[in-house]
Novice: 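Below you will find the structure I want to go over with you.
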Amino acid sequence: MVETTVGVVGLGKMGGNMAKCLVDAGFQVYGSDVQPDAREAFEAYGGTVAESPQAVAEQSDVTVTSLPTSEIVEDVYLGDGGMVTESIETVFLEMSTIAPPTTETLAEAIELSPSSILDAPITGSPADSREGTLTALVGGEQPVFESDSPQAVLDALAKEIHYAGDSGAGHAMKLLNNTMSMGNLVLAMETVTLGAKYGIEAEKLWSILGNASATSVAFESRMPRVLDRDFEAGFTIDFAKKDIGLAMEMADAKEYPLFLGSLVHRMYTRASDEGYGQEDVGAVVKMFEEQTGTTVGESTE
């Protein structure tokens, strides 16, 4: 068993799979989640359930957080019963997708404690989090980043690890990545719907555009699912809307007009308003299909 103990706060699709990956890698893993089903699945796999996030951090050399919003992250760290105390010494790996100002707030508070923090949001799917093939975008103090314990955890979870700079840089890079990726995807879905309306077979659209200069990682990962009409959520439209909204806030703080990003945000907001918010981001194609009366791929039931 690996000597480093690890905690995971947030055992959802990403955090739960990361916790299992760490168990497989030989770590002693402590975990916490508000959902009983998530706790039970983690415990059944060999993890140790702790009664609270604070109890997780107390027992962990490295504490990973994977949570849905900036507000929840700040509360788990700094709220009543939070993990940042004078008696807890751990290295926090904050792996959620949150606003960089929240990261900076956490870093300032943690600087006054025995602990340290790296913002280390990840890109990849739930399957990647299970298999240890994520990409980590890391911000924070470089000596902390280079120390043995966080490196051991990052190595277990990620096939690529990029150091982006000071605290907040990792979360900023994640928002830039998601804004570009979701922009690529919404344009791709609008375009293939036009192709289908023109009468080009969906499989030909995929085989040709997927091997031409038009392709992107987002298109390559989502188009096969669109063809199969598989919109079970891996990364939801509502999460895309949230992340691009955070990027817009980041731009506003720097007085930078995010023209195209704002348009992309409006498109995902519209998709959410039309009832697709809890479906996978590939379901953004349905907006264009409804507009044209055309279905890309197999017919729906």
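Since the model is a prediction, treat every value here as computed from it, not as a measurement.
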Novice: With a 3.5 Å cut-off and no angle check, do the side chains of E289 and T193 form a donor-acceptor pair?
Specialist: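 No - no donor-acceptor pair under 3.5 Å links their side chains.
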Novice: Around atom CD of E104, are there more than 12 heavy atoms of other residues, nucleotides or ligands at under 6.0 Å?
Specialist: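 Atom CD in E104 is packed in, count exceeds 12.
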Novice: Quick one: closest heavy-atom pair of A196 and T294, and the distance?
Specialist: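 Shortest heavy-atom contact: CB-CG2, 3.5 Å.
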Novice: Under a 3.5 Å threshold, yes or no: a donor from one side chain and an acceptor from the other, between Y30 and T63?
Specialist: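 On atom types as modelled, these side chains do not qualify, holding no pair under 3.5 Å.
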Novice: For E146, does the CD atom sit with more than 12 other heavy atoms under 6.0 Å from it, leaving out its own atoms?
Specialist: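 It does: E146 CD has more than 12 such atoms within range.
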Novice: Is there a donor-acceptor pair closer than 3.5 Å between any side-chain N or O of S96 and the backbone N or O of L67?
Specialist: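 Confirmed, S96 side chain pairs with L67 backbone.
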Novice: Hey, could you give me the NZ/OG1 distance between K242 and T97, rounded to the nearest 0.5 Å?
Specialist: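 Interatomic distance, K242 NZ to T97 OG1, rounded to 0.5 Å: 5.0 Å.
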Novice: Between D75 (side chain only) and E71 (backbone N and O only), is there a donor and an acceptor less than 3.5 Å apart?
Specialist: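 Not confirmed, D75 side chain does not pair with E71 backbone.
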Novice: How close do A164 and G170 get, heavy atom to heavy atom, and via which atoms?
Specialist: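 Distance-wise, the nearest heavy atoms are CB-N, 4.1 Å.
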Novice: Which is it for F235 and N178 under the side chain to side chain contact (heavy atoms under 4.5 Å, CB included) test, yes or no, and what are the steps along the way?
Specialist: CA-CA 11 Å; F235 183 73; N178 283 15; 4.0 Å; yes
Novice: Between D280 and G234, is there a donor-acceptor pair closer than 3.5 Å when you use the side chain of the first and the backbone of the second?
Specialist: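 It does hold such a pair.
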Novice: Looking at K286 and E279, is any side-chain nitrogen of the basic one under 4.0 Å from a carboxylate oxygen of the acidic one?
Specialist: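 Here E279 pairs with K286 in a salt bridge, since their nearest N and O are under 4.0 Å apart.
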Novice: For the residue pair G124 and L134, what are the closest heavy atoms and their distance?
Specialist: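 Heavy atoms of G124 and L134 come nearest at CA-CD2, 4.0 Å.
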Novice: Where do T179 and G261 come nearest, in terms of heavy atoms and distance?
Specialist: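 Closest pair (atom of T179, atom of G261, distance): CG2-CA, 4.4 Å.
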Novice: State which residue, out of V6, T48, L22, fulfils the side-chain contact (heavy atoms from CB on, under 4.5 Å) condition with Q28.
Specialist: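 Of all the options given, the one that passes is T48.
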Novice: Calculate, to the nearest 0.5 Å, the distance between atoms CG and CD1 belonging to L154 and I122 respectively.
Specialist: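 Taking CG in L154 and CD1 in I122, the distance rounds to 11.0 Å.
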Novice: Roughly how far, to the nearest 0.5 Å, is CD of E201 from CD1 of I208?
Specialist: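 Here the rounded value is 10.0 Å.
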Novice: Main chain of T135, side chain of E160: is a donor-acceptor contact present, judged purely on distance under 3.5 Å?
Specialist: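 Pair absent, no side-chain N/O of E160 close to backbone of T135.
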Novice: Go through the steps to decide whether V264 and M267 satisfy the test side chain to side chain contact (heavy atoms under 4.5 Å, CB included), and finish with yes or no.
Specialist: CA-CA 5 Å; V264 172; M267 297 305 294; 5.7 Å; no
Novice: Determine whether more than 12 heavy atoms belonging to other residues, nucleotides or ligands lie under 6.0 Å from atom OH of Y256.
Specialist: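 No, the 6.0 Å shell around OH holds no more than 12 heavy atoms from other groups.
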Novice: Do the side chain of R222 and the main chain of A283 share a donor and acceptor less than 3.5 angstrom apart?
Specialist: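 No, R222 side chain to A283 backbone: no donor-acceptor pair under 3.5 Å.
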Novice: What do you reckon, is OH of Y276 surrounded by more than 12 foreign heavy atoms closer than 6.0 Å?
Specialist: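 Yes, OH of Y276 has more than 12 neighbouring heavy atoms, counting only those of other groups under 6.0 Å.
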Novice: So among M95, H171, K174, which one has a side-chain contact (heavy atoms from CB on, under 4.5 Å) with D119?
Specialist: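 So, applying the side-chain contact (heavy atoms from CB on, under 4.5 Å) to D119 and each of M95, H171, K174, only H171 qualifies.
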Novice: Taking atom CH2 of W206 and atom CG of N211, what is their separation to the nearest 0.5 Å?
Specialist: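 CG of N211 is found 7.5 Å from CH2 of W206.
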Novice: Would you say D33's side chain and L11's backbone share a donor-acceptor pair under 3.5 angstrom?
Specialist: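 Yes, D33 side chain to L11 backbone: donor-acceptor pair under 3.5 Å.
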Novice: To the nearest 0.5 Å, how far apart are CD in Q151 and CD1 in I161?
Specialist: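 Q151 CD to I161 CD1: 5.5 Å, rounded to 0.5 Å.
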Novice: Is the CE atom of M173 crowded by more than 12 outside heavy atoms at less than 6.0 Å?
Specialist: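 Counting neighbours around CE of M173, 12 or fewer heavy atoms of other residues, nucleotides or ligands fall under 6.0 Å, so no.
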Novice: Do we see a donor-acceptor contact under 3.5 Å between the side chains of E274 and S272?
Specialist: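 No, because no side-chain N or O of E274 sits under 3.5 Å from a partner of the opposite role on S272.
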Novice: Measure from the side-chain N and O atoms of D243 to the backbone N and O of G245, and report whether any donor-acceptor pair falls under 3.5 Å.
Specialist: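 Pair absent, no side-chain N/O of D243 close to backbone of G245.
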Novice: Given F92 and Y77, is the ring pair (Phe, Tyr, Trp, His ring centres under 6.0 Å) satisfied, shown in steps?
Specialist: CA-CA 10 Å; F92 293 109; Y77 277 81; 4.9 Å; yes
Novice: Could you tell me whether a side-chain N or O of T85 sits under 3.5 Å from a main-chain N or O of S87, the two making a donor and an acceptor?
Specialist: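 Here the side-chain-to-backbone pair exists.
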Novice: Using only heavy-atom distances, determine whether the side chains of T133 and D128 contain a donor-acceptor pair under 3.5 Å.
Specialist: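 On atom types as modelled, these side chains qualify, holding a pair under 3.5 Å.
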Novice: Take atom CG of L260 as the centre, draw a 6.0 Å sphere, and report whether it contains more than 12 heavy atoms from other residues, nucleotides or ligands.
Specialist: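 No, because the 6.0 Å sphere around CG of L260 holds 12 heavy atoms or fewer from other groups.
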Novice: Going by distance alone, is a donor N or O of one side chain under 3.5 Å from an acceptor N or O of the other, for T5 and S60?
Specialist: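 Per modelled atom types, T5 and S60 side chains form no pair under 3.5 Å.
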Novice: Say whether, by atom type as modelled, one donor and one acceptor occur between the side chain of N17 and the main chain of P126 under 3.5 angstrom.
Specialist: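 Yes; at least one donor-acceptor contact below 3.5 Å.
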Novice: Would you confirm whether T102, through its side chain, and I98, through its main-chain N or O, come within 3.5 Å as a donor-acceptor pair?
Specialist: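 Flag not set: sc T102 to bb I98 has no pair under 3.5 Å.
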Novice: How many angstroms lie between atom CD of E74 and atom OG1 of T105, to the nearest 0.5 angstrom?
Specialist: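 Taking CD in E74 and OG1 in T105, the distance rounds to 5.5 Å.
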Novice: Looking just at side-chain N and O atoms, do D238 and Y268 make a donor-acceptor pair shorter than 3.5 Å?
Specialist: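 No, because no side-chain N or O of D238 sits under 3.5 Å from a partner of the opposite role on Y268.
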